[in-house]
A.B. asks: 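Next up is a structure, given as C-alpha cells.
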Amino acid sequence: MYETGLQVICFGAINLDYIFEIRKETASILGIEPHQEYVRKDEELDPILKILNKEGILRYTSGGGSAANTAFALSRLGIKTGFIGKVGNDKEGDFLLNSFENVDKGGINRGGRSGVALCLLIRGERAIILFPNANDELSMREINKEYASSCKILHLTSFNSDGSFEAQKALVASIRPEIKVSFDPGALYARRGLEALMPILRRTEIFFPEKKELEILTKKPWKEGALEILNLGPKVIVVTAGGEGSYVLTKDEDFKVDATKVPVIDTTGAGDVYAGAFLASYIKGMSLRESALNATALAAQSITAFGRERYPKSVGNLI
C-alpha cells in the first residue's frame, strides 16, 4: 500500500552513510583524494571499514543518498513526499527505512545488500567511497507506474549502474505529461555526457547541476553550458557552487545568491538539502529568488553538523 496525493516522489539511490574523520595519511593508504567520489565492489567494504575503525573517528551514521536526503528534507518542510528505490534485506535496510521518518515508502523495494557510502572528512574536505549494492539492482519491472504517476513532481538523482539509469529513463518516458521532472545529475551522470541524459533533460522542468558537473557534462564553461541546456528542455537551471553560492538561470532571469557563511563541519548532503528547500519553496508558490534564498539558508544550516543532524525541522524554516 502507498499514500496517494503525493506532491513529490524522489527516485534515486539510498545508502547507509558512515561519516568518518580521517588523516591525510589514512587517505593515502586508501588511495583517495578530497573532492572525489569512488565506486568500489562490495567485497572491499569490510577491509576498508577495518582500516577506518582503526585509523579514523566515526562521527555519525545516518540514512543517505542524494534522492533520499532530498526526500527527507522535503518531508521535514511539510511536502507530502514519496520515494522510489531499493534497499537490502538486511538490518541496514531496516535502518534506512526507519530513517525516512514521514516520507512514504510505497515505492521502495527490498533485495540483496543495502548500499553504503563512506563519507570521509580529510581536514574538513570530503571524499566518498560508494558501495552501490542493491541500488545497482533496481529494474523497471520493480517500479509501480501507478505510484510513480501519483505525484506532481518527480525528482531524479543518479545511480551507478546502467540498469537503474535505464529504469529512470523508461519511467520518465511513461509518466503523464503534466508531471514535472526535477533532475540533480551528480558527478556520476555528468560523466555520462549530454547525449546519454537527453531522454531525461527533454522532460526536465528544474535542473540542479553543480558548477563543476555542468562543465563536465557540456565540456564548456559553466555559464555557456547552462545557456545551452536551457534550449534543450529545462525551464529553470539552478547551479550550485559550494561556498561561492548558487546561480539561477531561466530564459527571462539570471541571478546569483551568495552562500551563507557558517562554520563548516560536514558538507555531506548540502546540495540535496538545497534542492529540497528550493522545491518546497517552489511548490508553495514562492519566486525563484525566494526559493534560492531559502535553499541557501537551509543548506548552510545543514553543514554545521554531521549528516542529517541540522536538516530542516519544520515548515517554519521557510521564509
Side-chain angles (χ1 to χ4, degrees), residues 11-13 31-40 65-67 70 117 125-130 132 135-136 154-173 180-259 267-272 274-275 278 288 292 295 299:
F11 181 7
I32 63 169
E33 296 181 359
H35 310 295
Q36 300 297 317
E37 190 172 293
Y38 304 85
V39 179
R40 299 282 175 85
S66 182
T70 297
E125 299 180 315
R126 184 189 63 171
I128 297 177
I129 305 177
L130 287 174
N135 293 301
D136 275 1
L154 178 66
H155 178 71
L156 304 176
T157 68
S158 62
F159 284 101
N160 174 64
S161 74
D162 291 340
S164 299
F165 177 50
E166 291 300 321
Q168 286 184 318
K169 291 194 291 183
L171 182 60
V172 166
K180 296 178 180 179
V181 174
S182 165
F183 185 26
D184 180 351
L188 287 173
Y189 279 7
R191 289 194 287 268
R192 288 180 178 267
L194 265 179
E195 184 177 350
L197 299 189
M198 279 307 300
I200 296 175
L201 281 173
R202 277 193 294 265
R203 279 284 280 113
T204 296
E205 176 95 2
I206 305 177
F207 187 46
F208 288 102
E210 196 273 335
K211 189 176 180 181
K212 291 179 182 177
E213 294 165 3
L214 190 56
E215 293 176 343
I216 292 169
L217 178 62
T218 63
K219 297 181 173 59
K220 295 179 179 178
W222 75 267
K223 185 72 170 286
E224 188 179 337
L227 293 174
E228 177 185 345
I229 289 176
L230 273 176
N231 292 318
L232 300 178
K235 294 181 174 60
V236 181
I237 298 182
V238 183
V239 183
T240 55
E244 183 181 321
S246 60
Y247 303 84
V248 178
L249 300 93
T250 72
K251 290 187 176 180
D252 300 314
E253 290 186 83
D254 178 350
F255 62 87
K256 178 186 178 186
V257 173
D258 291 329
T267 60
T268 306
D272 310 326
Y274 186 106
F278 191 98
L288 294 179

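Along the sequence shown, the residues carry numbers beginning at 1.
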A.B. asks: List the atom pairs, donor and acceptor, that lie under 3.5 Å between side-chain atoms in residues 206-213 and the rest of the protein, sequence neighbours left out.
C.D. replies:
{"residue": "E210", "atom": "OE1", "partner": "K212", "partner atom": "N", "Å": "2.8"}
{"residue": "E210", "atom": "OE1", "partner": "E213", "partner atom": "N", "Å": "3.4"}
{"residue": "K211", "atom": "NZ", "partner": "E244", "partner atom": "OE1", "Å": "3.2"}
{"residue": "K211", "atom": "NZ", "partner": "E244", "partner atom": "OE2", "Å": "2.9"}
{"residue": "E213", "atom": "OE1", "partner": "E210", "partner atom": "N", "Å": "3.0"}
{"residue": "E213", "atom": "OE2", "partner": "A187", "partner atom": "N", "Å": "3.3"}

A.B. asks: Quick one: side-chain hydrogen bond (donor to acceptor under 3.5 Å, both in side chains) partners of S161, sequence neighbours excluded?
C.D. replies: S164

A.B. asks: Quick one: pull up NE2 in H35 and CD1 in I128 and give me the separation to the nearest 0.5 Å.
C.D. replies: 12.0 Å

A.B. asks: Any idea which heavy atoms bring R203 and V181 closest together, and the distance?
C.D. replies: O-CB, 3.3 Å

A.B. asks: Holding to side-chain hydrogen bond (donor to acceptor under 3.5 Å, both in side chains), I want the full list of residues that pass it with S246, two or more places apart in sequence or in another chain.
C.D. replies: Y274

A.B. asks: Just jot down the salt bridge (charged side-chain N to carboxylate O under 4.0 Å, His left out) partners of D258, sequence neighbours excluded, or say none.
C.D. replies: K256

A.B. asks: I'd like to check the ring-ring contact (aromatic ring centres under 6.0 Å, His included) partners of F159; sequence neighbours left out, ordered by chain and number.
C.D. replies: F11

A.B. asks: Run the side-chain hydrogen bond (donor to acceptor under 3.5 Å, both in side chains) test against N135 and tell me which residues pass, sequence neighbours left out.
C.D. replies: N15

A.B. asks: Quick check: closest heavy atoms across A270 and A299, and the distance to 0.1 Å?
C.D. replies: O-CB, 3.6 Å

A.B. asks: Using modelled atom types and a 3.5 Å cut-off, is there a donor and acceptor pairing between side-chain atoms of T70 and backbone atoms of A275?
C.D. replies: no

A.B. asks: According to side-chain hydrogen bond (donor to acceptor under 3.5 Å, both in side chains), who are the partners of E205, at least two apart in sequence or on a separate chain?
C.D. replies: Y282

A.B. asks: Output all residues satisfying side-chain contact (heavy atoms from CB on, under 4.5 Å) with T268, sequence neighbours left out; order by chain, then residue number.
C.D. replies: D17, C119, R126, D266

A.B. asks: Is a side-chain donor-acceptor pair under 3.5 Å present for Y38 with E33?
C.D. replies: no

A.B. asks: Say whether, by atom type as modelled, one donor and one acceptor occur between the side chain of Q168 and the main chain of T157 under 3.5 angstrom.
C.D. replies: yes

A.B. asks: Nearest 0.5 angstrom please: L249 CG to F255 CZ, how far?
C.D. replies: 8.5 Å

A.B. asks: Taking distance alone, no hydrogens or angles, what donor-acceptor pairs closer than 3.5 Å link side-chain atoms of residues 221-243 to residues at least two apart or in another chain?
C.D. replies:
{"residue": "K223", "atom": "NZ", "partner": "D254", "partner atom": "OD2", "Å": "3.0"}
{"residue": "E228", "atom": "OE1", "partner": "K220", "partner atom": "NZ", "Å": "2.8"}
{"residue": "N231", "atom": "ND2", "partner": "L227", "partner atom": "O", "Å": "3.4"}

A.B. asks: What pairs of donor and acceptor atoms, side-chain ones from residues 190-201 against any protein atom, are under 3.5 angstrom apart with sequence neighbours left out?
C.D. replies:
{"residue": "R192", "atom": "NH1", "partner": "D162", "partner atom": "OD1", "Å": "3.1"}
{"residue": "R192", "atom": "NH2", "partner": "D162", "partner atom": "OD1", "Å": "3.0"}

A.B. asks: At what distance, to the nearest 0.5 angstrom, does OG1 of T204 lie from NZ of K180?
C.D. replies: 13.0 Å

